[in-house]
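One structure below.
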Amino acid sequence: MASVERIALLREAWAPRVELIRHSRWGAFTSTTLWGCATRKYHSYLSLWQDGQRYQLIPQVEEELRSNEGLFRLSTQYWRDELAWTGYRYLEGFQGVHTWQWTYRIGRLSVQKRLFLSDDPPGWVLEYTFSGEGFPVLFRWIPLWAVRPWHALRFAYDHPPVKHEGPRLLFPELGITLYLAFFPAPRAIPWNYLYEAISYPEEARRGYPHQENLLSTELFEWNLYQPTTIRIQISPTELSAPIQLPPSDPPTGTTLKAVLDTQAENFFLSAGGKTYILAGHPWFGIWGRDTFISLPGLTLAREREALFHQICEGYLAHLLPSGQFPNTIPGEPTAEDVGLWWLWALMQYTRIKGDARPLWERYGEAIQAVLVGYLHRLAGEDGLLRVSPMPPPSWMDAVVEGSPATYRSGALVELNALWYAALRWVGETAPHEGLRWRWNLLAHKVLENFKPTFWQKARGYLADWVDPPSASWQIRPNQLWAAALPFRPISDKIAELIVETIDKHLLTPRGLRTLSPMDPQYQGTYEGNQTARDRAYHNGTVWPFLLGAYADALLGLYSEAAWPKIRKLYDGFSEALWQYGWGYVAEIYDGDAPHKPRGAPAQAWSLAELLRIAHLLRL
């Protein structure tokens, strides 16, 4: 499914909640809904990445059409918490993944609207094609400006946030210049008007401020006497010719893998001469943990080895002398697991490419720096890593009122499973015997102490964390990595029991729950204000990216006999792609059936791990 017919577009409870998202490597971003209206403060016809964050330039446009049959607005928008502009009623259909295409019918006139982000040459293109009968027509296009940071709202405009001088769009507050071009040229009319109380209903549902004021500075109009195509183009450099839009995507017949592969390109960002992965859209930035978990699926599984190294080298530029990575860029090293996930990505490279030598040639010093950092900073006499509960040391990192929503302290099961696997990987692949001997010795010590620390035969699964005299025996998915990694600190039998526990308590068609439904702390729905959502975030909510580790565990235990089970889970996302983020996999889903999509509509590691699963299944 890559198209929607009129009857579905008229469903007010569904269509404005399906979100369209496109991002380009040069930093341009566009996001809206199937109606073409903004329901979040993060939606914008055009945004731009600048200095470590995104700026919303044009949250909305007003599109007005006048003919002998009357005045019609193609735009749809919420105002003062009500649906005020209702152009969606004229929609006949929508289609596209790479290029979005809306088709409107107004009397005898047909209007086709297409929106496209180009990487080469870099540019943003909005195109309107008028056909049929009903001419002459006056078409007016008004960009509504905000020019604000993505997490904020704007109300006051002491000065116009944009100046239009010839082909140039000057943004004094940002210190940047873009170039605006029209084909054919319109009549430009000053139109300084404040659009007050524009509303974003999704922000209201999430318990956030949800209204702002947008400003128009001029309108552009065309008198059309016959079928015509209007193209509006914005680019970071002045282009000598119009950007050519690709053909429209096929409305049907697109495979799951093909859609995932196409959408993978929307997570890469080039900034400051480096390439990064954005953790998710529309509100996540550059996160280290997300980068490294996403890295194999977004690059190696798609045969993009050079891109794998570009991402590694970009993040390694931020490696501290202590051997720590910042968890965000810009940011500080607040999470202790980021370096382990980088080593995990290197292990996946070795698994896919069959050769670790290029990694040691490029990253040998960094690998040793990260290992030594963990050894000196966190390792005890038994070789196990131990952490403090704050700041949150792992991916279960939600904080409520200054305390972790999911308390974890001491020896964490997945950190130590990753630590052991990394030591063993180095012990097998390091180019020098001395290195191999040193780290293998430590790996042996970790192995000796892992099972006595985390395993109780009577329970049949691993503790989530151990900090004597306390320990957590809540059933969580973190133990799965002990069964999933290429070097396991447990026996096959224990790995099988872990998988059985996961199957019984955590497995859903959309991923793994973060806590067993039998646990009194379990929360099966992720909704409400931020505090309520943060309490549910890792206490029952389903995370799709965990299916990657689940597939690894099954394949490690049962080899190709596990393919049908994994394939069924993978194929189950074919319909899910079109339910929330258009062509994407969501960040999270409810723990309770029917497992509604929640959180960010497009999450890098959710999509990346499905791509890695497709590679494991040789699809």
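Keep in mind it's a predicted model, so treat the numbers as computed, not measured.
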Give a yes-or-no answer on whether the side chains of [X] and [Y] include a donor-acceptor pair shorter than 3.5 Å.
X    : Y    : result
Y526 : N539 : no
R22  : N266 : yes
K445 : Y420 : no
D464 : S472 : no
D592 : Y522 : yes
H43  : E19  : yes
E305 : Y349 : yes
H538 : T406 : no
Y363 : E365 : no
Q56  : S47  : yes
E332 : T334 : no
R535 : Q521 : no
Y208 : H151 : no
T350 : W425 : yes
Y374 : E336 : no

Self-check item: Minimum heavy-atom distance L506-S516, with the two atoms named
Solution: CD2-N, 3.6 Å

Self-check item: Verdict with supporting geometry, D503 and K565, salt bridge (Lys or Arg N to Asp or Glu O under 4.0 Å)
Solution: CA-CA 11 Å; D503 285 349; K565 185 175 184 178; 2.9 Å; yes

Heavy atoms, side chains only, cut-off 4.5 Å: are [X] and [Y] in contact?
X    : Y    : value
L371 : L343 : yes
L547 : R612 : no
W465 : V387 : no
W287 : I293 : no
D290 : I277 : no
P333 : L320 : yes
L378 : W419 : no
M518 : Q474 : no

Can you tell me how far apart [atom1] ([X]) and [atom2] ([Y]) are? Round to the nearest 0.5 Å.
X    : Y    : atom1 : atom2 : result
D590 : T508 : CG    : OG1   : 10.0 Å
F268 : T299 : CZ    : OG1   : 6.5 Å
E401 : D534 : CD    : CG    : 10.5 Å
Y584 : Y580 : OH    : OH    : 13.5 Å
E414 : M396 : CD    : CE    : 7.5 Å
T541 : R513 : OG1   : CZ    : 10.5 Å

Practice problem: In sequence, state the C-alpha distance, the side-chain angles, and the governing distance for T429 and W360, and then conclude on side chain to side chain donor-acceptor pair (under 3.5 Å). | Solution: CA-CA 8 Å; T429 64; W360 283 100; 3.0 Å; yes

Check [Y] with [X], please: is the shortest side-chain N to carboxylate O separation under 4.0 Å?
X    : Y    : result
D397 : R289 : yes
D552 : R351 : yes
D261 : R302 : yes

Between [X] (side chain) and [Y] (backbone), is there a donor-acceptor pair under 3.5 Å?
X    : Y    : answer
T328 : I286 : no
W455 : A463 : no
N529 : A532 : yes
R436 : A430 : yes
S270 : T275 : no
H595 : V542 : no
Q479 : L462 : yes
R25  : A271 : no
S294 : W605 : yes
R206 : G528 : no

Quiz prompt | Derivation and outcome, side chain to side chain donor-acceptor pair (under 3.5 Å), residues R408 and S394 | solution = CA-CA 8 Å; R408 307 184 77 212; S394 74; 2.8 Å; yes

Self-check item: salt bridge (charged side-chain N to carboxylate O under 4.0 Å, His left out) involving E527 - partner list, sequence neighbours excluded
Solution: R598

Quiz prompt | Audit row: D519, R476, salt bridge (Lys or Arg N to Asp or Glu O under 4.0 Å) steps and yes/no | solution = CA-CA 10 Å; D519 193 290; R476 295 188 179 276; over 6 Å; no

Quiz prompt | Identified ring pair (Phe, Tyr, Trp, His ring centres under 6.0 Å) partner of W395 from the options Y537, W543, F292, W341 | solution = W543

Quiz item: Pick one: which of Y55, W49, F29 meets ring pair (Phe, Tyr, Trp, His ring centres under 6.0 Å) with W150?
Solution: W49

Self-check item: Check against side chain to side chain donor-acceptor pair (under 3.5 Å), Y42 and E203
Solution: CA-CA 9 Å; Y42 299 101; E203 301 303 323; 5.5 Å; no

Quiz item: Between F267 and H281, how do the two ring planes meet: parallel, tilted or perpendicular, split at 30° and 60°?
Solution: parallel

Exercise. Could you walk me through whether R386 and D467 pass salt bridge (Lys or Arg N to Asp or Glu O under 4.0 Å), step by step?
Key: CA-CA 8 Å; R386 288 177 173 81; D467 193 8; 5.9 Å; no

Practice problem: Apply the test salt bridge (Lys or Arg N to Asp or Glu O under 4.0 Å) to residues E428 and R424: give CA-CA distance (whole Å), side-chain angles for both, the deciding distance (0.1 Å), then the verdict. | Solution: CA-CA 6 Å; E428 286 202 3; R424 282 290 312 279; 3.3 Å; yes

Quiz item: Which is it for L515 and I475 under the side-chain contact (heavy atoms from CB on, under 4.5 Å) test, yes or no, and what are the steps along the way?
Solution: CA-CA 6 Å; L515 185 63; I475 297 176; 5.8 Å; no

Self-check item: L153 and Y200: CA distance, side-chain angles, deciding distance, side-chain contact (heavy atoms from CB on, under 4.5 Å) verdict
Solution: CA-CA 11 Å; L153 292 170; Y200 305 118; 3.9 Å; yes

